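Chain identifiers are assigned alphabetically (A, B, ...) following the order of the sequence lines, protein sequences preceding nucleic acid strands; residue numbering begins at 1 within each chain. Just so you know, these numbers come straight off a predicted model, no measurement behind them. Side chains are part of it too, since the values below use all heavy atoms of this structure and drop only hydrogens, waters and symmetry mates.
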Protein chains: 2
Amino acid sequence: MRVGRADLNTRSRVREAAIAVFGQQGLDAPLRAVAAEAGLTAGRIVQLFGSKDGLRRACDDHVFGVIRTAKRDTMVSSAGATMISRFAMLDEFVPYLAYVARSVQAGGEHAREFIDHMVEDALDYMADAVAAGTVLPSRDERARVRYLTEISLGHLALRLSLDAPQDAEELASCLRTHLDAMALPALELYTQGFLSDRRMLDSYLLYVGDPPGQEQAASA
Amino acid sequence: MRVGRADLNTRSRVREAAIAVFGQQGLDAPLRAVAAEAGLTAGRIVQLFGSKDGLRRACDDHVFGVIRTAKRDTMVSSAGATMISRFAMLDEFVPYLAYVARSVQAGGEHAREFIDHMVEDALDYMADAVAAGTVLPSRDERARVRYLTEISLGHLALRLSLDAPQDAEELASCLRTHLDAMALPALELYTQGFLSDRRMLDSYLLYVGDPPGQEQAASA
DNA sequence: TAGGATCCTACACGCCCGTTTAGTCCGGTG
DNA sequence: CACCGGACTAAACGGGCGTGTAGGATCCTA
């Protein structure tokens with residue numbers, strides 16, 4: 001029936017199905033759900049990937065690889081944190097974004113590594129943006145970038161948990177309303193904050209005696 | 001052995017143990033783990049609470065009740081979002097905070113309701129703070145408060161996922177380092193944002209034609 | 001001390017899951 | 001033709017889980 005030369009087709013087909021199912025239902029979705037989506041059996045998936053963890057690893061490698069290259073192509077404008085918005089706009093990336101959120105939500109070494117890598121990348125963008133004058137310098141660039149990255153991913157994961165989309169269309173619309181709802185408050189916060197004076201910041205700086213690294217602004 | 005008049009002691013003891021275990025391991029922790037922590041059997045817990053879901057409901061009611069009253073007592077200062085920080089400072093609230101994060105992470109109706117309630121409360125604080133002049137007004141107060149609430153909870157849940165604390169001490173230290181790491185970037189962001197000009201915000205406002213509700217600032 | 005209510009345990013049932021295994025189908029090759 | 005190897009399935013295995021139940025231990029009451 002299936003042609004599957006050297007079953008490379010099957011592998012990638014199962015991988016795509018797994019990314020979709022895991023993104024919608026979470027990483028703990030039954031292997032049989034992935035099998036149904038891909039049109040074969042759970043046993044066959046184990047034969048192909050060794051174990052469920054092997055499948056997860058294959059998904060990780062592929063998704064993070066895709067995102068990494070896509071990021072390299074897109075890396076232009078200002079905020080490293082809003083890069084997520086840009087991804088979600090392209091419909092093709094929606095399943096990958098959902099998978100990332102689920103993966104990060106599930107924790108583990110992979111998630112930590114991915115976030116670390118994302119932070120390192122964003123540090124570059126941020127430095128460029130600071131040098132270009134579109135972004136204000138920070139007293140601790142790495143802490144800021146990590147904070148922005150984590151709240152973006154955490155917010156996304158929270159939204160997926162709350163809405164529990166059942167199929168691809170629900171997932172896409174969920175992401176879209178998520179971005180719509182956060183656009184205004186995020187932009188407001190990003191451009192002017194929400195505290196009217198520097199008292200809290202200054203008292204904190206006085207209390208801890210300025211940041212650990214004591215980095216100076218940008219140096220691209 | 002155990003005295004347990006009318007087993008009210010046992011009920012609350014099991015509930016406390018469940019809150020601790022669920023907060024550390026997640027809402028899907030085995031009932032038997034809770035039983036071990038509380039010093040009895042899984043079957044007994046079912047007898048006491050009807051089902052695992054009944055236990056979860058009892059935990060929800062208690063935790064959210066405690067937080068609600070504690071919030072009413074603490075509700076003073078500025079940022080509704082940093083209220084979480086204040087909670088985590090008090091060691092007694094650490095398990096409850098972790099439970100909330102896990103609960104929100106697991107999704108479901110309870111989590112949604114809790115967030116909605118938190119948003120409504122924070123709306124009041126925010127309005128007061130705006131009236132007092134410590135917080136800038138927003139073009140959409142409810143959207144801002146919801147955004148701040150969600151990113152705080154999402155960030156916290158993400159941190160718990162990544163660090164996977166095994167016992168109470170690890171959990172406490174995890175929360176503490178979490179707050180330490182986010183304090184500076186959050187305060188920076190809250191007082192001055194990170195974008196150096198209003199171009200992105202203005203172009204967005206032009207694009208969507210100002211906010212939906214068109215609320216005016218505060219009216220306490 | 002007898003009896004009964006209550007707290008609690010030990011155990012078994014049924015379900016779902018990942019994984020294993022035996023077997024089937026089928027195209028290619030001598 | 002027989003044969004072989006790979007793709008795939010169906011069924012079963014074993015473990016972990018929530019849950020129901022029968023029985024034992026303990027304590028209050030008369």
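Between the CG atom of A/Leu40 and the C1' atom of D/dA10 there is a distance of 14 Å, rounded to whole Å. Regarding B/Ile45, its CD1 atom lies at a distance of 14 Å from the P atom of C/dA10, rounded to whole Å. Rounded to whole angstrom, the span from the CZ atom of B/Arg11 across to the C1' atom of C/dT6 amounts to 15 Å.
The rotation axes computed at either terminus of the helix from C/dT1-D/dA30 to C/dG30-D/dC1 lie 30° apart, taking five pairs at each end and rounding to 10 degrees.
Counting heavy atoms from C-beta on, the side chains of B/Gln47 and B/Leu40 never come closer than 4.5 Å.
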Per-nt protein contacts along nucleotides 12-24 of chain D (heavy atom under 4.0 Å; B base, S backbone sugar-phosphate only, - none) come out as B----BBBSBB--

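For B/Thr10 and C/dC8, the shortest distance from a side-chain N or O to OP1 or OP2 is below 4.0 Å.
Of the possible donor and acceptor atoms, none in the side chain of A/Thr191 sits under 3.5 Å from a partner among the backbone N and O of B/Leu195. No donor-acceptor distance shorter than 3.5 angstrom exists from the side chain of B/Arg102 to the backbone of B/Leu27, with no hydrogens or angles considered.
Salt bridge annotation for A/Asp61-A/Arg57: absent, with no cationic side-chain nitrogen under 4.0 angstrom from a carboxylate oxygen. The pair A/Asp180-A/Arg176 does not count as a salt bridge, with every side-chain nitrogen at least 4.0 angstrom from each carboxylate oxygen.
With A/Phe93 as the partner, the side chain to side chain contact (heavy atoms under 4.5 Å, CB included) test is satisfied by one option alone out of A/Val66, A/Ile67, A/Val100: A/Val66.
To the nearest 0.5 Å, atom CZ of residue B/Arg11 and atom CG of residue B/Leu55 are 9.0 Å apart.
Using cut-offs of 30° and 60° on the angle between ring planes, the pair A/Phe22 and A/Tyr99 is tilted.
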